[in-house]
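Presented below is the structure to which this report refers.
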Amino acid sequence: MMKADVLIIGCGPAGSCAAFAAKKANPDLCVVVTTKEAHSEYSAPALPDYLSGEIDREMLFVRKANEYKKAGIQLLSGEDIVKIDREKKIAVSASGREISYGKLVLAMGSFPIQLRKMPGTNLPGNFVTKTIDDIEAILGYKGKSAVVVGSGAIGLEGSMALKARGYDKVTMVEALDWLSPKSLDKACSDKLTQSLNSFGVEVLAGESVQGVEGTDKVTGVVTSKRTIPCDIILWGIGMRPEVTLAKDAGLEIGELGGIVVDERMQTSDPDIYACGDCVQSVDRLTGQPAMHLFWEPAQRGGEAAGLNCAGGEAIYDGSTAIFLTHKGGLAIAAFGRTEDSYKGEGCVVLEENTRKSYRRLIFEKGKLTGAQMVNTMEDVDLLLDQITKNSVVRPGAWDLSTVIEDLEGKSVRDCINYFRKERRALLK
């Protein structure tokens, strides 16, 4: 039986950060990383760039296999862990390999939602963009027309990538009334739609997909309003946390579907930690339970889990939901609350709309609570920092929020200049 002081299941940003953090904190530890993929850690956010042809395959990799070996970490690629025996502290792989552990880190990530029960979704020509293998399956499939289902970051980036790859026709279908309504108000969505159209992507909002046409391969998509001929379908309707192992092992699962962890990334079992897309943590802006399936919180959570497995006392303070993409000439960012979330009451909206770009700020009682922008990333860090400061003022912490007493007659630029002035004052 193989033995590990720290066993990490998953080799994405969370799992890799956990491994390197644990080994750095205590070089004497035997750290083992398993992954069911054949690859070491690669950048999932860069996959659309690989699909578009902007970068080549080798540029995807964050850490190559020899880097794990050099650090004294054992990487077991192609090893799918299928069972955890908490009483015996043993993990078992599909191949029958058994690995005993002192501490265990679950970093299995997430998986794309697909409408498996819908007719035609099992035909060749149905794709997702979660892994390198997914992208290479698309690249190896002959197609010139595509339907992209969903308008989140996956759908937006996939649409732009396919257009850049040379697809003659790319159509984005969104079942809701406008694009990404959890992150964008309709005015911002309309600007985004205009931008997508300028790149040659047709946008159909308010249409639900009802079926896939084809006998031996995909030939079209049936919506609530029409049939769209196509060679491939790219499903971008969301992700779900991969928690099967945790459920089967009897670990606590939260109301949002992720593994419950405390601020040290510890699960309901004191010898098991979890990090990355598979965990339910805390939204920094609201203080409420949240599932933020992003690269940055996965890295921070992984590092905290690894350090704590090595005897440290690292704290993970949650994350902020950010809708952000900057691919192929399309730039969009949104965070905080939307005007729609106020239902027409209690907020003031300022807009800056030029021929090329759009910015939208939402205020409540003079405090910035939301920001949305299309075709610009100007001041995005300043606005995110301001919204974070203005959110939940916790006991024992300084109140660094900024209030603009009179918003009447002020522009987006006026408010941003005010925030800059306040930041400079704080830094003095």
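The structure presented is a predicted model; accordingly, all values stated were derived computationally and were not measured.
- Scanning for salt bridge (charged side-chain N to carboxylate O under 4.0 Å, His left out) contacts around D231 gives an empty result, with sequence neighbours left out.
- For Y141, the ring pair (Phe, Tyr, Trp, His ring centres under 6.0 Å) partners two or more places apart in sequence, or in a different chain, are F127.
- Considering only residues two or more places apart in sequence or on other chains, E37 meets the salt bridge (charged side-chain N to carboxylate O under 4.0 Å, His left out) condition with none of them.
- Partners of T369 according to the side-chain hydrogen bond (donor to acceptor under 3.5 Å, both in side chains) rule, which considers only residues two or more places apart in sequence or in another chain, are Y342.
- By the salt bridge (charged side-chain N to carboxylate O under 4.0 Å, His left out) test, E54 is found to be paired with no residue, residues two or more places apart in sequence or in another chain being considered.
- Remark: D248 engages T244 in a side chain to side chain contact (heavy atoms under 4.5 Å, CB included) (not counting sequence neighbours).
- Under the side chain to side chain donor-acceptor pair (under 3.5 Å) criterion, the residue pairs touching residues 250-259 are E255-Q280, with sequence neighbours excluded.
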Under 3.5 Å donor-acceptor pairs involving side-chain atoms of residues 7-20, not counting sequence neighbours:
unit_1, atom_1, unit_2, atom_2, d
S16, OG, G12, O, 3.4
S16, OG, E41, OE1, 3.1
S16, OG, Y68, OH, 2.6

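- For K3, the side chain to side chain contact (heavy atoms under 4.5 Å, CB included) test picks out S100, with sequence neighbours left out.
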Donor-acceptor pairs under 3.5 angstrom involving side-chain atoms of residues 260-267: please list them, not counting sequence neighbours.
unit_1, atom_1, unit_2, atom_2, d
D262, OD1, R264, N, 2.8
D262, OD1, M265, N, 3.1
D262, OD1, Q266, N, 2.9
R264, NE, E313, OE1, 3.2
R264, NH2, G312, O, 3.1
Q266, NE2, P270, O, 2.8
Q266, NE2, Y273, OH, 3.4
T267, OG1, D269, N, 3.1
T267, OG1, D269, O, 3.2
T267, OG1, I272, O, 2.8

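- Partners of F294 according to the ring pair (Phe, Tyr, Trp, His ring centres under 6.0 Å) rule, which considers only residues two or more places apart in sequence or in another chain, are H292.
- Residues that satisfy the salt bridge (charged side-chain N to carboxylate O under 4.0 Å, His left out) test with K163, not counting sequence neighbours, are absent from this structure.
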